[in-house]
There are 2 protein chains.
Amino acid sequence: METVGTAVGALPRPGLRERKKQRTRDALVRAALELFATRGYERTTVDDIAAAVDVSQRTFFRYFASKEEVAFFVPRLAESRVVEAVRGRPAGEAPLEALRRAVLDSWDDITEAVEQLVPLELHLRVYRVIESTPALLAAHLRRATELEEELAHIVAVREGLDVDADPRPRILVAAFGGVVRVAERRWSAGDDFSAAAMRDLMTVCLDLVGPALAGNWRTS
Amino acid sequence: METVGTAVGALPRPGLRERKKQRTRDALVRAALELFATRGYERTTVDDIAAAVDVSQRTFFRYFASKEEVAFFVPRLAESRVVEAVRGRPAGEAPLEALRRAVLDSWDDITEAVEQLVPLELHLRVYRVIESTPALLAAHLRRATELEEELAHIVAVREGLDVDADPRPRILVAAFGGVVRVAERRWSAGDDFSAAAMRDLMTVCLDLVGPALAGNWRTS
DNA sequence: GACACTAATGACAGCCACTGACAGTTGACA
DNA sequence: TGTCAACTGTCAGTGGCTGTCATTAGTGTC
């Protein structure tokens with residue numbers, strides 16, 4: 001129930017103005033996602049979204065830097081949680097294992113946090129729109145690599161390495177990120193969009209990295 | 001010197017109209033890349049590019065679907081070569097090895113083909129612009145995943161699998177693609193942009209995938 | 001070599017994402 | 001209650017991109 005973007009300490013009742021802003025932002029997000037999911041991204045104009053919340057187009061752009069940004073409001077939440085989870089892993093753990101457990105262990109929390117914002121089913125529908133809309137898919141991938149960059153730095157620090165000198169941190173997270181994306185696609189393509197299903201898919205895909213890279217597949 | 005997009009058989013002199021189109025397209029590409037490299041992508045308008053070649057803006061959009069597309073004219077060439085190279089690998093080869101050798105072995109040919117279009121040095125400068133411009137980076141990553149999808153299908157056929165049933169093809173190319181991107185970044189960040197340097201980087205990065213994913217790194 | 005045929009182009013109007021500037025409104029706080 | 005600062009709406013303008021239509025310029029034919 002906590003305000004999402006608030007600093008850690010002291011939350012002494014945000015004040016009317018702040019609450020109003022929060023409500024406007026949430027209304028814009030919900031209206032936008034609903035429109036994207038039903039009508040599609042490209043056939044939804046920013047004017048449509050603004051009109052649905054009864055604010056001016058200019059106001060929309062004061063809350064979101066671009067039309068794309070509003071589509072990634074929910075994923076953004078999830079990403080920050082993953083980063084935190086990786087930071088929280090014990091130092092002795094192997095790098096890949098730290099990434100793997102961070103994602104798997106924090107998955108239920110993430111799902112819960114998402115549901116607090118929008119219904120999980122709407123999130124899934126929007127995710128499908130993201131994957132099938134070139135402009136959004138591109139933005140999604142760019143965001144993913146930015147996240148990977150952050151994770152590479154964290155891994156490097158854990159292992160006492162320089163990210164620019166030793167390529168292993170970036171290679172690890174790049175491979176890991178690619179696998180996560182495969183799992184995400186399989187999740188959105190399927191019909192079971194529960195958190196448990198996603199966790200299972202992620203587990204299976206991560207377990208397959210080794211075998212997939214290994215020499216011969218005929219021994220499956 | 002052959003016309004790039006011509007069908008395999010018979011090239012009986014393209015005709016004046018076709019040659020004129022070819023020249024216009026090449027001029028647009030060269031003007032655009034030069035402008036992107038010097039002035040930056042966002043500070044170059046389509047009108048600028050069109051004016052540099054003395055055609056109307058409308059004509060530019062008849063050659064390229066978007067301003068982005070012209071920036072990827074050269075990479076597009078390289079990608080198609082890689083796909084062909086993978087298709088040409090012997091069937092018995094292990095999947096990862098096929099991808100690896102396809103890229104490494106065709107690298108010199110690709111470099112040569114690129115140089116026929118634009119100076120390699122200009123290509124590098126444009127590549128740096130792509131990596132540092134959010135909109136272009138996003139488009140680059142989307143193109144990369146489209147390529148990965150194609151490669152996953154090829155790998156699946158090689159191994160007699162169904163891409164949608166067995167996740168291994170997609171996992172393999174996702175991991176592979178991630179590593180290739182790391183190598184590309186290191187290439188563009190460095191000062192030696194020769195084909196040989198790129199091949200060496202690629203080799204090093206690919207050799208590190210196993211160790212990076214393996215349990216503990218302290219044994220480096 | 002004149003003739004129709006068709007592809008390529010330019011000029012123009014218009015949509016949409018996005019931005020800067022200015023003025024009006026509304027919470028915050030003394 | 002009055003002052004200040006934050007939030008908002010309006011308006012004008014830029015740039016990417018598209019549809020339309022008249023004009024130009026290769027192409028094949030007689």
Side-chain angles (χ1 to χ4, degrees), chain A residues 3 5-6 10-29 31-32 35-36 39-73 129-130 133-136 138-139 142, chain B residues 3 5-6 12-29 31-32 35-36 39-73 129-130 133-136 138-139 142:
Chain A
T3 313
T6 306
L11 51 164
R13 177 52 83 94
L16 175 55
R17 183 176 284 172
E18 206 56 37
R19 275 179 287 153
K20 232 175 163 180
K21 265 170 61 181
Q22 189 75 23
R23 249 184 296 142
T24 304
R25 185 192 315 275
D26 286 0
L28 283 171
V29 169
L35 283 167
F36 292 163
R39 200 186 300 181
Y41 178 75
E42 279 156 354
R43 307 208 310 173
T44 302
T45 69
V46 174
D47 284 320
D48 291 336
I49 303 169
V53 184
D54 207 58
V55 295
S56 71
Q57 190 216 48
R58 195 65 186 85
T59 293
F60 173 92
F61 282 111
R62 289 198 177 98
Y63 281 92
F64 304 99
S66 66
K67 181 180 163 188
E68 277 169 21
E69 195 177 297
V70 67
F72 292 104
F73 189 81
V129 171
I130 289 175
T133 307
L136 285 183
R142 184 172 52 78
Chain B
T3 312
T6 307
R13 178 50 84 93
L16 175 55
R17 186 178 302 189
E18 206 57 38
R19 275 178 288 152
K20 236 177 161 177
K21 265 171 58 180
Q22 189 76 24
R23 249 182 297 143
T24 304
R25 186 191 315 274
D26 287 359
L28 283 171
V29 170
L35 284 167
F36 292 164
R39 197 184 305 180
Y41 179 75
E42 280 157 354
R43 307 208 311 173
T44 303
T45 70
V46 175
D47 283 320
D48 291 337
I49 303 169
V53 184
D54 207 57
V55 296
S56 69
Q57 190 216 49
R58 194 67 185 84
T59 294
F60 174 92
F61 282 110
R62 288 198 177 96
Y63 281 92
F64 304 98
S66 66
K67 182 181 161 188
E68 278 169 20
E69 196 177 298
V70 67
F72 293 104
F73 190 81
V129 171
I130 289 176
T133 307
L136 285 183
R142 184 173 53 79

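Protein chains get the first letters and strands the later ones, always in sequence-line order, with residue 1 at the start of each.
- In this structure, F60(A) atom CZ and dT10(D) atom P are separated by 17 Å, rounded to whole Å.
- For dG20(C), its base sits under 3.5 Å from the side chain of R58(A) at one donor and acceptor pair at least.
- From R43(B), atom CZ reaches atom CG of D48(B) across 11.0 Å, with rounding to the nearest 0.5 Å.
- Each of V55(A) and E42(B) was assigned the nucleotide of DNA chain D with the nearest heavy atom; the assignment lying further toward the 5' end belongs to V55(A).
- When the C1' atom of dA6(D) is taken as reference, atom CD of Q22(A) falls 16 Å away, rounded to whole Å.
- Counting heavy atoms from C-beta outward, F64(B) and V29(B) have side chains that approach closer than 4.5 Å.
- Across all non-hydrogen atoms, the minimal contact from A71(B) to F36(B) is CB-CE1, 3.9 Å.
- Contacts of T59(B) with the nucleic acid, taken as non-hydrogen atoms under 4.0 Å apart, involve only primed sugar atoms and P, OP1 or OP2.
- With rounding to the nearest 0.5 angstrom, the CD1 atom of I49(A) is 6.5 Å from the NZ atom of K67(A).
- Nearest nucleotide to the side chain of Q57(A), out of dC18(C), dT8(D), dA8(C): dC18(C).
- No side-chain heavy atom of R17(A) sits less than 4.5 Å from a side-chain heavy atom of K20(A).
- Considering CG of L28(A) and CZ of R62(A), their distance stands at 12.5 Å, rounded to 0.5 Å.
- Rounding to the nearest 0.5 Å places CG of D26(B) at 6.0 Å from CZ of F73(B).
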May I have the step-by-step check of side-chain contact (heavy atoms from CB on, under 4.5 Å) for F61(B) and V46(B), ending in yes or no? CA-CA 9 Å; F61(B) 282 110; V46(B) 175; 3.8 Å; yes
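- If you check residues 61-70 of chain A against DNA chain C, the residues with a heavy atom closer than 4.0 Å are F61(A), R62(A), A65(A), S66(A), K67(A), listed by number.
- dG15(D) atom C1' lies 12 Å from atom CD1 of I49(B), rounded to whole Å.
- Between F72(B) and L136(B), the closest side-chain pair of non-hydrogen atoms falls below 4.5 Å.
- Atoms CZ (R43(A)) and C1' (dC15(C)) sit 16 Å apart, rounded to a whole Å.
- The CG-P distance, from D47(B) to dG10(C), rounds to 12 Å in whole Å.
- Atom-to-atom, CZ of R19(B) to C1' of dT27(D) comes out at 13 Å; the value is rounded to the nearest Å.
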For nucleotides 27-30 of chain C, print each protein N/O atom paired with a nucleotide N/O atom at under 3.5 Å, atom names and distance only.
residue, atom, partner, partner atom, Å
dG27(C), OP1, K20(A), NZ, 3.1
dG27(C), O3', R17(A), N, 3.3
dG27(C), N3, R17(A), NH2, 2.9
dA28(C), OP1, L16(A), N, 2.9
dA28(C), OP1, R17(A), N, 3.1

